[in-house]
Visitor: 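I'd like to ask some things about the structure below.
One-based numbering, in listed order, for ligands and for the atoms of each.
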Amino acid sequence: MMFNWEELFDDLKASPRTRSWCEELEKESLEAFQPDNNGNLARWQAAFHALGEFQVEQVSLSADAVTCKGEVNDSKELKKTLLQLKPWRKGPFQLFDIFIDTEWRSNLKWDRLSPHLELSDKDVLDVGCGNGYYGWRMLGAGARRVVGLDPYLLYVMQFAVLRRFFGEELRHYVLPVGDTIICPNLRLFDIVFSMGVLYHRRSPIEHLQSLGHALKLGGELVLETLIIEGENHEVLLPVDRYAQMKNVWFLPTLALLERMLERCGFSDVRVLDVSPTTVEEQRSTEWMTFESLPDFLDPKDHTKTVEGYPAPLRAVVKARKG
Ligand SMILES: C[S@@+](CC[C@H](N)C(=O)[O-])C[C@H]1O[C@@H](n2cnc3c(N)ncnc32)[C@H](O)[C@@H]1O
């Protein structure tokens, strides 16, 4: 089976409080995978069905590269199939002797935030989860269940492939929907992650409000986003592109981010980390052959983007709902 959504839907439908929301989630998820929605879908699904034969003997969700060991029938053929699902942005992954060297070394971000997390037995939502790299790491750190949302179908297909290797029985789900699926007062999750999404949203306040709606009272938000330096309540709204990205909207100072969170009903805002993104962390590889951060920075001055804006600086903050 390509996806394991049914078991999640069954769980959610069992409670009268989440039943009607679940119906909406199910409808949108199934619609997203209608063949007319994406001309590449058939090719990606063919790759899924061409993974070949393998036997997984050991899985490590806690390694920097989420890993499976065992026997594979034809590893050259498997690598070719996996390369058909390019670009691989978030990872890395080690499948037998194949190292999926993704654009992002996502383990570096995980290393910065995981010492501050208590995930044991927690019900987690990861909004904008990509192919689910962090979800595997969260399960490795003891989470009870991880639900990821990402509207980009290729990443959902990459997740479907990875599940085959890391464990189809695990309670890790990635659904092809965005943050707008979260309904008011859902109050379902102990911890909600939003990493690398806020600056892509035209309405950052609505994004924060929806994250709040997903949380149980007293639940915890882990938010990672691009910020700018400064003491004041200021925001950078790029004239056009930022680091070549067309879809970047609001980059606040930490002071403004804190105020935004408080206005959206969060308290106890704590800054866990502030780090510049480096060309060691984000770069092109065999698995993501488009341009990457080294091409998006001013070649003479890596403190600036090619457009002359401050180079990417990322903050991770934690906040409590209510
Ligand atoms: C910069 S990536 C971050 C991925 C991952 N969370 C990380 O931190 O590495 C942004 C992700 O958000 C997804 N995304 C874009 N709009 C979204 C929305 N409205 N709701 C949820 N995810 C969204 C994109 O498809 C992409 O996978």
Side-chain angles (χ1 to χ4, degrees), residues 24-25 28-29 32 37-38 40 44 64 66 85-93 100 102-114 117 124-138 146-159 162 172-183 186 189 191-214 221-227 242-251 272-273 275 277-278 281-283 287-288 290 292-293 296 312-317:
E24 196 55 35
L25 183 64
E28 269 205 36
S29 301
N37 272 350
N38 192 312
N40 293 309
W44 296 333
D64 289 349
V66 179
L85 295 170
K86 275 197 309 186
W88 286 84
R89 293 192 184 272
K90 309 296 168 172
F93 303 100
I100 304 185
T102 47
E103 177 190 18
W104 285 84
R105 294 171 67 203
S106 308
N107 53 299
L108 299 178
K109 180 161 41 179
W110 182 251
D111 289 346
R112 291 194 291 269
L113 58 113
S114 57
L117 305 177
V124 179
L125 179 71
D126 185 5
V127 178
C129 63
N131 64 24
Y133 171 82
Y134 294 105
W136 299 114
R137 302 299 308 268
M138 291 170 200
V146 181
V147 178
L149 308 180
D150 204 294
Y152 195 51
L153 298 189
L154 172 61
Y155 303 153
V156 184
M157 283 306 301
Q158 290 176 352
F159 170 75
L162 294 168
H172 187 194
Y173 311 90
V174 171
L175 297 151
V177 294
D179 57 351
T180 50
I181 193 73
I182 299 167
C183 68
L186 183 61
F189 297 94
I191 305 189
V192 170
F193 287 80
S194 163
M195 303 193 288
V197 182
L198 188 74
Y199 53 87
H200 286 314
R201 302 304 286 143
R202 289 170 208 223
S203 301
I205 294 293
E206 284 175 16
H207 179 67
L208 294 179
Q209 284 173 327
S210 67
L211 301 174
H213 286 305
L221 170 68
V222 179
L223 179 78
E224 193 248 15
T225 195
L226 288 171
I227 57 159
Y242 173 85
Q244 293 284 46
M245 290 181 280
K246 281 186 270 186
N247 55 353
V248 171
W249 295 91
F250 297 95
L251 278 60
L272 304 182
D273 182 72
S275 297
T277 309
T278 66
E281 186 166 353
Q282 186 192 7
R283 74 279 187 259
W287 296 82
M288 200 302 291
F290 301 127
S292 186
L293 187 63
F296 306 152
L313 179 68
R314 290 170 178 269
V316 186
V317 301

Visitor: For ligand 1, list every N/O pair with the protein closer than 3.5 Å, one pair per line with the distance.
Guide:
from     : atom 1 : to     : atom 2 : distance (Å)
ligand 1 : 6 (N)  : Gly128 : O      : 2.6
ligand 1 : 6 (N)  : Met195 : O      : 2.8
ligand 1 : 8 (O)  : Lys109 : NZ     : 2.6
ligand 1 : 8 (O)  : Met195 : O      : 3.3
ligand 1 : 9 (O)  : Lys90  : NZ     : 3.2
ligand 1 : 19 (N) : Asp179 : OD1    : 3.1
ligand 1 : 19 (N) : Arg201 : NH1    : 3.4
ligand 1 : 20 (N) : Asp179 : N      : 2.9
ligand 1 : 25 (O) : Asp150 : OD1    : 2.7
ligand 1 : 27 (O) : Asp150 : OD1    : 3.4
ligand 1 : 27 (O) : Asp150 : OD2    : 2.6

Visitor: Can you list the residues that meet the ring-ring contact (aromatic ring centres under 6.0 Å, His included) rule with His172, with sequence neighbours excluded?
Guide: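 Residues passing ring-ring contact (aromatic ring centres under 6.0 Å, His included) with His172: Trp136, Phe159.
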
Visitor: For Arg314, is there an ion pair with Glu224 - N to carboxylate O distance below 4.0 angstrom?
Guide: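 Salt bridge flag = yes for Arg314 with Glu224.
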
Visitor: Please identify each residue that fulfils salt bridge (Lys or Arg N to Asp or Glu O under 4.0 Å) with Glu103, with sequence neighbours left out.
Guide: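 Salt bridge (Lys or Arg N to Asp or Glu O under 4.0 Å) check on Glu103 returns Arg89.
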
Visitor: State plainly whether the residues Arg112 and Glu281 are in salt-bridge range, i.e. N to O under 4.0 Å.
Guide: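 Result for this pair is yes, salt bridge flagged.
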
Visitor: I'd like to know if the side chain of Thr102 reaches the main chain of Trp104, judged simply by a donor and an acceptor atom lying under 3.5 Å from each other, with no hydrogens or angles considered.
Guide: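 Looks like yes, one N/O pair under 3.5 Å.
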
Visitor: What residues form a side-chain hydrogen bond (donor to acceptor under 3.5 Å, both in side chains) with Arg283, not counting sequence neighbours?
Guide: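 Partners of Arg283 under the side-chain hydrogen bond (donor to acceptor under 3.5 Å, both in side chains) test: Asp101.
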
